Amino acid sequence: MSTSQYGPQNAYRNQDLQPVTMGQLRWYMEGMRHARLATVFGILSIFSLGALFGPLAIARAKKAEAFGVPAPEGRVLGWVGISLFILWVVFFIAYLALIITLIGSLPDSGRTAA
């Protein structure tokens with residue numbers, strides 16, 4: 001009777017069959033913490049202040065990758081939040097310019113002379 005190497009008994013073993021030390025586990029958990037925070041900051045950057053939370057998400061993603069944990073979600077969400085914030089600022093400036101132009105083109109008939 002043959003057993004598969006992909007069975008549940010081998011699901012959590014290392015590839016080199018070496019036990020995981022506590023230091024390696026702490027290192028990995030620290031990287032996972034940074035990756036999780038990068039994702040949270042990335043989501044916050046989309047729905048609130050992208051100029052604040054976007055760079056925080058990108059920085060946390062870099063820290064997670066320094067610990068060996070990939071964090072592409074946090075990095076992408078951070079950049080999306082920054083770009084949405086920039087688009088919002090451009091739209092707001094264009095809207096203000098339109099309002100100022102419309103106010104400037106109103107006739108002066110309602111004003112009284114002193």
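Here the structure is a predicted model, which is why all the values come from computation and not from measurement. Here, residue 1 is the first one in the sequence, and each next residue gets the next number.
Residues meeting the side chain to side chain donor-acceptor pair (under 3.5 Å) test with E30, sequence neighbours left out: R33, H34. In terms of the side chain to side chain contact (heavy atoms under 4.5 Å, CB included) criterion, residue partners of L25 (sequence neighbours excluded) are, by chain and number, V20, M22, M29. Taking the side chain to side chain contact (heavy atoms under 4.5 Å, CB included) definition, one finds that A57 meets it with F41, sequence neighbours left out. In this structure, the side chain to side chain contact (heavy atoms under 4.5 Å, CB included) partners of V40, at least two apart in sequence or on a different chain, are L44.
For residues 74-103, the salt bridge (charged side-chain N to carboxylate O under 4.0 Å, His left out) pairs, not counting sequence neighbours, are E65-R75. Residue pairs that meet the salt bridge (charged side-chain N to carboxylate O under 4.0 Å, His left out) test with at least one member in residues 86-96, sequence neighbours left out, do not exist here. Residue pairs meeting the salt bridge (charged side-chain N to carboxylate O under 4.0 Å, His left out) criterion with at least one member in residues 76-101, sequence neighbours excluded, do not occur. Residue pairs satisfying the salt bridge (charged side-chain N to carboxylate O under 4.0 Å, His left out) criterion with at least one member in residues 84-95, sequence neighbours excluded, are absent. Residue pairs meeting the side-chain hydrogen bond (donor to acceptor under 3.5 Å, both in side chains) criterion with at least one partner in residues 77-103, sequence neighbours excluded, do not occur; the list is empty.
The hydrophobic cluster containing V76, built from Ile/Leu/Val/Met/Phe/Trp/Tyr side-chain heavy atoms closer than 4.5 Å, also comprises I43, I46, F47, L77, V80, L84. W27 belongs to a hydrophobic cluster whose remaining members, ordered by chain and number, are F67; membership requires side-chain heavy atoms of ILVMFWY residues under 4.5 Å apart, directly or through intermediates.
Nearest heavy atom pair, residue A61 against residue A71, reads CB-O, 3.6 Å. What you find for A35 and A64 is that their closest heavy atoms are N-CB, 3.6 Å. When all heavy atoms of F85 and A51 are compared, the closest pair comes out as CE2-CB, 3.5 Å.
L49 and I58 fall into different hydrophobic clusters, where Ile, Leu, Val, Met, Phe, Trp and Tyr side chains are chained together by heavy-atom contacts under 4.5 Å.
To the nearest 0.5 Å, atoms CD1 (I82) and CG (L52) are separated by 10.5 Å. Atom CZ of residue R60 and atom OG1 of residue T39 lie 12.0 Å apart, to the nearest 0.5 angstrom.
No donor-acceptor distance shorter than 3.5 angstrom exists from the side chain of S48 to the backbone of S45, with no hydrogens or angles considered.
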